[in-house]
Amino acid sequence: MTSTQQIPGPLSLVCEVTHRCPLHCVYCSNPLVMQQAEAELPTEAWTRVFTEAAQLGVAHLHLTGGEPLARHDIADLIRAGRNAGLYVNMITSAIGLSEPRLAALVEAGLDHIQLSLQDADEVLANRWAGARTHAKKLEMAALIKAQPHLAFTVNIVVHRQNLDRLEEMIALAESMGPERMEIAHVQYYGWALKNRDLLLPTREQLERSTKTLREAQERLAGRIHLQAVVPDYYARYPKACVGGWGRQLMLIDPAGRAMPCHSASIISGLAFDNVRDHDLAWLWHESSAFHRFRGDDWMQEPCRSCERKTVDFGGCRCQAMQVLDDADATDPACHLSPHHEQLIKIAEAAPAGTNTLHYRTIELLSHS
Amino acid sequence: MIEDLQQVPQLARGCRVQARSEEEIVLLVPEGLLRLKGAGAEILALVDGQRTIAQIVETLQAQYPPEAHTQIATEASSFLASLHQRSVLLFRQP
């Protein structure tokens, strides 16, 4: 293990400022057990965190949740982030947004807003979100489009139930006026794992969508940057999850726990330190959770001797934990994993699986 | 490569240049940051939503001896084209 002092600071700080959310997405990848409102960090604590983050070398602050707009002080948080010298991004459902509130967020210094799109069809979009939000999003998108300095990304969340309408979804997203579009396959963690059999796309669907994507990328080049990620279960190599454990990203949950990724709490034996007790530099360099999979000492074969270990860092620890019950194993999404077959079988068996969607209901983590 | 040098480049919404330290100048964009090495910062300083690509290249060339002009033209336009490709830089007609 290299000396902790030689490790550069993170570039991104993801702050889940609340777990409160008006949506009940069938593919929510947040943890099943959430932090309740009373446990949330107050404005002053977040402000201190942002200042320490900038000193540590963070460039981007991502305000997310839950729904960040559920916090009454969201404009103050944005201002605090900008004052600290950070680039401020907010990921929102637009529920809770209005013309004056958007103006206040922009005035506070918001650089970038990300809005997700669930489907091209209103009834279906509301079904996947578990809430009537589609029309409101389009209404808010028109206001965002008119903002001269605010960057705008539309995230299209795809899965088996909507992937065949990708072309229509891209056309709708285009009409919303963003500079960026991201096609994101559902990540099968948290709530989404419960619905995996209904949400995993088939291989045929995926092949058709790849063609649609390429055509759209060509058509939109120079106007809208379209990014797409291959879903894990059909990839040849795993994703470089969070850019490598404890390498680029730090996440703070609503209660102030510092984590290397937002699902990390599913890995047994990890203890998370809190920004209430430590500064960010200490958390990054000393907190045991950040050391757990940093570097390559923890790796098993085939990762340990693989030349790609500095490219994808063994893939996703949470996926190894979830599928193989071994957080140190090679991500089974990798075709070199001895358990890769297991993932393929899950993917192939999925379409024949259950037909009941499980909607996200809130299970709160109690603080005694 | 850029065909029409009369287009006017402009940074897209939410993209801004920031000095992270005296040595490190970066272009902050929604999905990350681009470290501006060499002439990168110099070229971007000339992107003001008014100058055409041709004017930006000429302004740069005027600061260097003639034997460097061809290289400057090539490098500046390929730099601008790569940012345009990522939708960080938008091109409009004057």
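Proteins get letters first, then strands, A, B, ... in listed order; numbering begins at 1 in each. The shown structure was predicted, so the numbers you read here are calculated from the model rather than taken from an experiment.
For Leu90(B), the part lying under 4.5 angstrom from a heavy atom of chain A is the side chain only. In this structure, chain B has a heavy atom under 4.5 Å from the side chain of Leu11(A), while its backbone stays farther away. Neither the backbone nor the side chain of Ile113(A) comes within contact range of chain B; no heavy atoms are under 4.5 Å apart.
Note: Leu28(B) leads Leu28(B), Leu33(B), Leu83(B) in heavy-atom pairs under 4.5 Å with chain A.
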Chain A against chain B: donor-acceptor pairs under 3.5 Å:
{"unit_1": "Arg13(B)", "atom_1": "NE", "unit_2": "Leu150(A)", "atom_2": "O", "d": "3.2"}
{"unit_1": "Arg13(B)", "atom_1": "NE", "unit_2": "Glu179(A)", "atom_2": "OE2", "d": "2.5"}
{"unit_1": "Arg13(B)", "atom_1": "NH1", "unit_2": "Ile144(A)", "atom_2": "O", "d": "3.2"}
{"unit_1": "Arg13(B)", "atom_1": "NH1", "unit_2": "Lys145(A)", "atom_2": "O", "d": "2.9"}
{"unit_1": "Arg13(B)", "atom_1": "NH1", "unit_2": "Gln147(A)", "atom_2": "O", "d": "2.8"}
{"unit_1": "Arg13(B)", "atom_1": "NH2", "unit_2": "Gly177(A)", "atom_2": "O", "d": "3.2"}
{"unit_1": "Arg13(B)", "atom_1": "NH2", "unit_2": "Glu179(A)", "atom_2": "OE2", "d": "2.9"}
{"unit_1": "Gly14(B)", "atom_1": "N", "unit_2": "His149(A)", "atom_2": "O", "d": "3.1"}
{"unit_1": "Gly14(B)", "atom_1": "O", "unit_2": "Tyr87(A)", "atom_2": "OH", "d": "2.4"}
{"unit_1": "Arg16(B)", "atom_1": "NE", "unit_2": "Asp111(A)", "atom_2": "OD1", "d": "2.9"}
{"unit_1": "Arg16(B)", "atom_1": "NH2", "unit_2": "Leu86(A)", "atom_2": "O", "d": "3.4"}
{"unit_1": "Arg16(B)", "atom_1": "NH2", "unit_2": "Asp111(A)", "atom_2": "OD1", "d": "3.4"}
{"unit_1": "Arg16(B)", "atom_1": "NH2", "unit_2": "Asp111(A)", "atom_2": "OD2", "d": "2.9"}
{"unit_1": "Gln18(B)", "atom_1": "NE2", "unit_2": "Gly85(A)", "atom_2": "O", "d": "3.1"}
{"unit_1": "Arg20(B)", "atom_1": "NH1", "unit_2": "Gly57(A)", "atom_2": "O", "d": "3.2"}
{"unit_1": "Arg20(B)", "atom_1": "NH2", "unit_2": "Gly57(A)", "atom_2": "O", "d": "2.8"}
{"unit_1": "Val29(B)", "atom_1": "O", "unit_2": "His60(A)", "atom_2": "NE2", "d": "2.7"}
{"unit_1": "Glu31(B)", "atom_1": "OE1", "unit_2": "Arg180(A)", "atom_2": "NE", "d": "2.7"}
{"unit_1": "Glu31(B)", "atom_1": "OE2", "unit_2": "Arg180(A)", "atom_2": "NE", "d": "3.4"}
{"unit_1": "Gly32(B)", "atom_1": "O", "unit_2": "His60(A)", "atom_2": "NE2", "d": "3.3"}
{"unit_1": "Ser87(B)", "atom_1": "OG", "unit_2": "His225(A)", "atom_2": "N", "d": "3.2"}

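Of all heavy-atom pairs between Ala151(A) and Pro30(B), the closest is CB-CG, 3.6 Å.
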